[in-house]
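Here is the structure we will look at, set down as structure tokens.
What you see below is based on every heavy atom in this structure, not just the backbone, and it leaves out hydrogens, waters and symmetry mates.
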Amino acid sequence: PLTDWTRALVGKRVVVHCAGLAHITEAGDAGKTALFAVNHEGTLNLARQAVGAGVRRFVFISSIGVNGDENLRPFTETDAPNPKELYAVSKLLAEQGLLALAASSEMEVVIIRPPMVYGPNAPGNFGKLVRAVRSGIPLPLGAVHNQRTFLGLSNLADLVACCVDHPAAANEVFLAGDARNVSTAELARQLGVALKRPARLLPVPVRVLEVLATLIGRRATIRKMCGSLRVDIEKARRILGWTPPYTLDEGLGQLMEGGLN
């Protein structure tokens, strides 16, 4: 978090900050300290140095987790923050610090909150899903009829490029996502098409999955796989004129082009 970025910032007009610490497996105080040191303190350290270097705009990749981890109606930028995990809390604190810095300096800040991002070599639950489908392991997701917003890596990159220089993006928060919501089961099926290895989905009732996951200490994982999380991207459409350029099929197809997990 105390890195000296002086040389890297010389002559730069825009900083896109997408580095962060996630998927922490170390429990207790050490994991918490690392999350906040990197995602909160490290972000503000870079941003303060960017102000000193005369950087015009700072684009920060945050997380939809700042809004929450599940919903009955799509999240919007006007919702009160409701982070459920320490990772999301660390991102929220970074957002707040950046907006305060923007208010007291000439540097503009743009905050993007993506949901789960999929693409070549993606980590986390998407990476696990890729490996499971590719290996032919039966997945108990056939009865999952949730609705989730995902975001292809190419769509995220396109939104970032738009936010780099669009005048209306200054000091705004944008939620990001693909144009169409899908269930986790549909994501697995489409992933199987992309990998040319049809997903083997078993129709296990969600309630049964929740009970079994609770018994083995994986309830949080099942909630993410089976719960709904929808994102409203209308603000980005309205203010930036941005529409996700790639469909889910096209985004998953890039897995074969860019390498597998």
NZ (Lys224) with more than 12 external heavy atoms under 6.0 Å: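 No, because the 6.0 Å sphere around NZ of Lys224 holds 12 heavy atoms or fewer from other groups.
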Arg238 CZ: over 12 foreign heavy atoms closer than 6.0 Å: yes
Spacing of [X] atom [atom1] and [Y] atom [atom2] [to the nearest 0.5 Å]:
{"X": "Glu234", "Y": "Phe174", "atom1": "CD", "atom2": "CZ", "result": "12.0 Å"}
{"X": "Ile233", "Y": "Glu77", "atom1": "CD1", "atom2": "CD", "result": "10.0 Å"}
{"X": "Arg148", "Y": "Asn71", "atom1": "CZ", "atom2": "CG", "result": "8.5 Å"}
{"X": "Leu35", "Y": "Leu21", "atom1": "CG", "atom2": "CG", "result": "5.0 Å"}
{"X": "Ile111", "Y": "Leu175", "atom1": "CD1", "atom2": "CG", "result": "11.0 Å"}
{"X": "Asp158", "Y": "Leu153", "atom1": "CG", "atom2": "CG", "result": "11.5 Å"}

Is there a path of hydrophobic side-chain contacts, each under 4.5 Å between heavy atoms of I, L, V, M, F, W or Y residues, that connects [X] with [Y]?
{"X": "Met116", "Y": "Leu156", "answer": "no"}
{"X": "Leu44", "Y": "Leu101", "answer": "yes"}
{"X": "Tyr246", "Y": "Leu159", "answer": "no"}
{"X": "Met107", "Y": "Val14", "answer": "no"}
{"X": "Val164", "Y": "Ile112", "answer": "yes"}

So, for [X] and [Y], which heavy atoms are closest and what is the spacing to 0.1 Å?
{"X": "Leu9", "Y": "Ala50", "value": "CD1-N, 3.6 Å"}
{"X": "Cys162", "Y": "Leu240", "value": "SG-CB, 3.9 Å"}
{"X": "Asn146", "Y": "Cys226", "value": "CB-O, 3.1 Å"}
{"X": "Met225", "Y": "Leu141", "value": "CE-CD1, 4.1 Å"}
{"X": "Ala179", "Y": "Pro244", "value": "N-CG, 3.8 Å"}
{"X": "Ile222", "Y": "Ala213", "value": "CG1-CB, 3.2 Å"}

Taking the side chain as C-beta and beyond, is there a heavy-atom pair between [X] and [Y] under 4.5 Å?
{"X": "Pro83", "Y": "Pro81", "value": "yes"}
{"X": "Val211", "Y": "Val208", "value": "no"}
{"X": "Leu46", "Y": "Phe58", "value": "yes"}
{"X": "Val133", "Y": "Leu139", "value": "yes"}

Short side-chain donor-acceptor distance under 3.5 Å, Glu70 and Ser228: no
Donor + acceptor pair across side chains of Asp178, Tyr118 (<3.5 Å): yes
Step-by-step side chain to side chain contact (heavy atoms under 4.5 Å, CB included) determination, Leu248 to Phe150: CA-CA 9 Å; Leu248 174 67; Phe150 299 103; 5.5 Å; no
Check ion pair Arg223-Asp69 (N to O, under 4.0 angstrom): yes
Pair Arg57 + Glu108: basic N to acidic O under 4.0 Å: yes
Could you tell me whether a side-chain N or O of [X] sits under 3.5 Å from a main-chain N or O of [Y], the two making a donor and an acceptor?
{"X": "Arg230", "Y": "Leu72", "result": "yes"}
{"X": "Asp232", "Y": "Thr76", "result": "no"}
{"X": "Lys12", "Y": "Ala8", "result": "yes"}

Steps toward side chain to side chain contact (heavy atoms under 4.5 Å, CB included) verdict (Phe60, Val110): CA-CA 6 Å; Phe60 177 57; Val110 185; over 6 Å; no
Contacts under 3.5 angstrom, residues 86-100 side chains, donor-acceptor by atom type, not counting sequence neighbours:
unit_1, atom_1, unit_2, atom_2, d
Ser90, OG, Asn39, ND2, 3.2
Ser90, OG, Tyr87, O, 2.6
Lys91, NZ, Ile61, O, 3.0
Glu95, OE1, Arg113, NE, 3.4
Glu95, OE1, Arg113, NH2, 2.8
Glu95, OE2, Ser62, OG, 2.6
Glu95, OE2, Arg113, NE, 2.9

Derivation of the side chain to side chain contact (heavy atoms under 4.5 Å, CB included) call for His17 and Val59: CA-CA 6 Å; His17 181 45; Val59 181; over 6 Å; no
Chi angles and distances behind the salt bridge (Lys or Arg N to Asp or Glu O under 4.0 Å) call for Glu172, Lys235: CA-CA 10 Å; Glu172 294 285 353; Lys235 180 179 177 179; 2.7 Å; yes
Glu186 and its side-chain hydrogen bond (donor to acceptor under 3.5 Å, both in side chains) partner, picked from Arg180, Gln147, His145: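 Only match with Glu186 under side-chain hydrogen bond (donor to acceptor under 3.5 Å, both in side chains): Arg180.
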Which atom pairs, one a donor and one an acceptor, fall under 3.5 Å between side chains of residues 187-205 and the rest of the protein, sequence neighbours left out?
unit_1, atom_1, unit_2, atom_2, d
Gln190, NE2, Asp249, OD1, 2.4
Arg197, NH1, Arg134, O, 3.0
Arg197, NH2, Arg134, O, 3.4
Arg200, NH1, Gly136, O, 2.9

Stepwise side chain to side chain contact (heavy atoms under 4.5 Å, CB included) test for Trp5 and Asn45: CA-CA 9 Å; Trp5 297 102; Asn45 173 59; 3.9 Å; yes
